[in-house]
There are 2 protein chains.
Amino acid sequence: MQDAEVEPGRHDALGVLDGLVGYHLRRASSVFASDFGRAVGGDGLRQVPFAILSVIAASPGIRQGAAGEALGIKRANMVVLINELVEAGHVDRRAAEDDRRAIALVLTPKGRTTLENATARLTEHEDELLADFTAGERDMLIGLIRRIEAREQPPAD
Amino acid sequence: MQDAEVEPGRHDALGVLDGLVGYHLRRASSVFASDFGRAVGGDGLRQVPFAILSVIAASPGIRQGAAGEALGIKRANMVVLINELVEAGHVDRRAAEDDRRAIALVLTPKGRTTLENATARLTEHEDELLADFTAGERDMLIGLIRRIEAREQPPAD
DNA sequence: CCGGCATTGTTGCGTGACATAACGATCGCT
DNA sequence: AGCGATCGTTATGTCACGCAACAATGCCGG
């Protein structure tokens, strides 16, 4: 047995932090965030706007509030984000048919191609980042993470 | 086989987003972040400062820069964070012995108890959040996430 | 020994992703 | 008709970053 403080280098000296799932989740998430930037950041597309495009594509005509809810984004913050996407020509605001307060969101053709291009480059980057994962490990990972997401708690009201 | 768009409710209609590991990582990380707030947020302790306390406890006398590096925090941002911790009486700045530019960080007794209390409440909360995970699944999860962290890329310089 | 260069902490500023509170317009229900 | 809930909006604040420039100090080659 050697002295305990000999080699702190390998997996760092994080202390109790190293045993907490939350910390590792945070770091891993930031790794993917940086990679997102390398993949599509050059086009000025950020994570949240990309997520919004994806949701709208999956449910054309979705209400602004519903889109935000699916992504855990507050209505107040959606406004600015949708403004951006409209000004960028990726999204059209349309009046909802049955509710004059609401706004229905649809992708423009440009928005659709932007989403497709970004998705292609993004999956490519993810494959690279997860190169040493087997398909089974990758599914396992997504499965475990989804179970965590399911435990999300409402903000107490 | 039913129509594909029948029930978007259950696991949401996220579109391509649902297949991307990065997105799920982000959401799961935010679930833990909220839980962190519920666990120790009342004491005004945030994730990053807590992480710093943990690193200092693991390596007393560590340089400010080295502590930041272990956590992926830029030196510029460490200044404010350490200021906070010093003002809160959790950390002492000491002059490094061998380098008059550097600063050696140590926990105060108050900092140590704060760290211990937070750690206790935190692991408690994590156990709750991961209640339906077996020990094996939990280890599996941490293992997979750590492999992602290892793929972190330097900021190009 | 001394002049250039890297490193340490620091300051200032910008940004992205949130939160919270208050408001007008509209809807639904009684 | 009236009242509360809901939808989008505006304003404002916070947290966790990022980058650029700087003084003080350390290191090293000539």
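These numbers were taken from a predicted model, which means no experiment stands behind them. The sequence lines fix the lettering, A, B, ..., with proteins before strands; numbering per chain opens at 1.
Applying the side chain to side chain contact (heavy atoms under 4.5 Å, CB included) criterion to B:Asp127, with sequence neighbours excluded, gives B:Arg138. With sequence neighbours left out, the ring pair (Phe, Tyr, Trp, His ring centres under 6.0 Å) criterion links B:Phe50 to B:Phe36. Applying the side-chain hydrogen bond (donor to acceptor under 3.5 Å, both in side chains) rule to A:Arg75 yields no partners; only residues at least two apart in sequence or on another chain are considered. Residues forming a side chain to side chain contact (heavy atoms under 4.5 Å, CB included) with A:Arg147 (at least two apart in sequence, or on another chain): A:Leu144, B:Asp132, B:Phe133, B:Glu137. By the side chain to side chain contact (heavy atoms under 4.5 Å, CB included) test, A:Ser34 is found to be paired with A:Arg38, residues two or more places apart in sequence or in another chain being considered. Legend: residues meeting side chain to side chain contact (heavy atoms under 4.5 Å, CB included) with B:Arg121, ordered by chain and number and at least two apart, are B:Val40, B:Asp43, B:Asn117.
Residue B:Ala96 is out of contact with every strand shown, counting any heavy-atom pair closer than 4.0 Å.
Between B:Ile82 and A:Asp98, it is B:Ile82 whose nearest contact on DNA chain C lies nearer the 5' terminus.
Separating the CD atom of B:Glu97 from the P atom of D:dT25 is a distance of 18 Å, rounded to the nearest angstrom. Between the CD atom of B:Gln64 and the P atom of D:dA24 there is a distance of 18 Å, rounded to whole Å. Taking atom CZ on B:Arg93 and atom C1' on C:dT10, their separation rounds to 9 Å, with Å as the unit. D:dT6 atom P lies 18 Å from atom CE of A:Met78, rounded to whole Å. In this structure, CG of A:Asn83 is placed 11 Å from C1' of D:dT10, rounded to the nearest angstrom. Between the CZ atom of B:Arg94 and the P atom of C:dG9 there is a distance of 14 Å, rounded to whole Å.
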Please tabulate the protein-to-nucleotide N/O contacts below 3.5 Å involving nucleotides 22-26 of chain C, giving atom names and distances.
| from | atom 1 | to | atom 2 | distance (Å) |
| --- | --- | --- | --- | --- |
| C:dT26 | O2 | A:Arg101 | NH1 | 3.1 |

Shorter than 3.5 Å, N or O on both sides, protein versus nucleotides 16-18 of chain C: list them out with atom names.
| from | atom 1 | to | atom 2 | distance (Å) |
| --- | --- | --- | --- | --- |
| C:dA17 | OP2 | A:Arg46 | NH1 | 2.6 |

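Among pairs with a residue in residues 85-96 of chain A, none fulfils salt bridge (Lys or Arg N to Asp or Glu O under 4.0 Å), at least two apart in sequence or across chains.
Looking at A:Glu128 and B:Arg151, no side-chain N of the basic residue comes within less than 4.0 Å of a carboxylate O on the acidic one, giving no salt bridge.
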Could you walk me through whether B:Ile148 and A:Leu141 pass the side-chain contact (heavy atoms from CB on, under 4.5 Å) check? CA-CA 11 Å; B:Ile148 293 177; A:Leu141 178 61; 3.7 Å; yes
